[in-house]
Amino acid sequence: MSETEFELLDELYFVQHYSYLKGTLNWGDEKILDGLKSLHDQGLVKCLRSPDEEIFGEVNFMEEGDSLFYLATKKGLMVHNTI
């Protein structure tokens, strides 16, 4: 797991909107979205349209990633806590 992925997971113990991640981490969009995509591809992060509406299937991070909410999965929390 990269340092970027680790720091993103650190912020996703609770449902967070993209704008929260951007404001908290002070990273560029590409770095955040690439990290979220990588975590999602590994099954470590869930994507949500609203705090209660999970997206199942493909997510186009570059087109809609900045309007979504994110949450670490159980697997993501386990991986994050074992490093």
Next item on the list: Report yes or no: do V59 and V15 belong to one cluster of Ile/Leu/Val/Met/Phe/Trp/Tyr joined by side chain heavy-atom distances under 4.5 Å?
Entry: no

Note to self: Quick one, T73 with M78, criterion side-chain contact (heavy atoms from CB on, under 4.5 Å). Give me CA distance, side-chain angles, the key distance, then yes/no.
What the structure shows: CA-CA 9 Å; T73 62; M78 298 286 286; over 6 Å; no

Checklist line | Heavy-atom pair with the smallest gap, counting every atom of G35 and T4 | finding: CA-CG2, 4.5 Å

Item checked: Gap between atom CD1 of I32 and atom CG of N26 - 0.5 Å precision -> 8.5 Å

Notebook entry, point to check: Between E64 and R49, does a salt bridge (Lys or Arg N to Asp or Glu O under 4.0 Å) hold up when you go through it step by step?
Noted result: CA-CA 10 Å; E64 62 182 333; R49 295 213 186 280; 2.9 Å; yes

Item checked: Value rounded to 0.5 Å, distance of CD in Q42 from CG in L9 -> 8.5 Å

Item checked: Flag side-chain contact, heavy atom, 4.5 Å: W27 against L21 -> no

Margin query: Side chains of S38 and E5 only: does a donor on one sit below 3.5 Å from an acceptor on the other?
Written below: yes

Check: Applying the 4.5 Å side-chain criterion to the ILVMFWY set and letting contacts propagate, would F14 and Y20 be lumped into a single cluster?
Finding: no

Note to self: For C47 versus L68, what's the shortest heavy-atom pair and its separation?
What the structure shows: CB-CD1, 4.4 Å

Check: So how far is it from S19 OG to D66 CG, rounded to the nearest 0.5 Å?
Finding: 9.5 Å

Checklist line | Test log, rule side-chain contact (heavy atoms from CB on, under 4.5 Å), inputs L71 and L48 | finding: CA-CA 8 Å; L71 177 66; L48 304 100; 4.1 Å; yes

Checklist line | Single-linkage hydrophobic cluster, 4.5 Å side-chain cutoff, L25 and L12 together | finding: yes

Margin query: Is there a path of hydrophobic side-chain contacts, each under 4.5 Å between heavy atoms, that joins M1 and L8?
Written below: yes

Check: What residue pairs, at least two apart or across chains, pass salt bridge (Lys or Arg N to Asp or Glu O under 4.0 Å) with a residue in residues 25-37?
Finding: K22-D29, K37-D41

Notebook entry, point to check: Looking at residues at least two apart in the chain, or sitting in another chain, which of them share a side-chain hydrogen bond (donor to acceptor under 3.5 Å, both in side chains) with E7?
Noted result: none

Margin query: Applying ring pair (Phe, Tyr, Trp, His ring centres under 6.0 Å) as the test, list every pair that has at least one member in residues 59-83; sequence neighbours left out.
Written below: F6-H80, Y13-H80, H17-F69, H40-F61

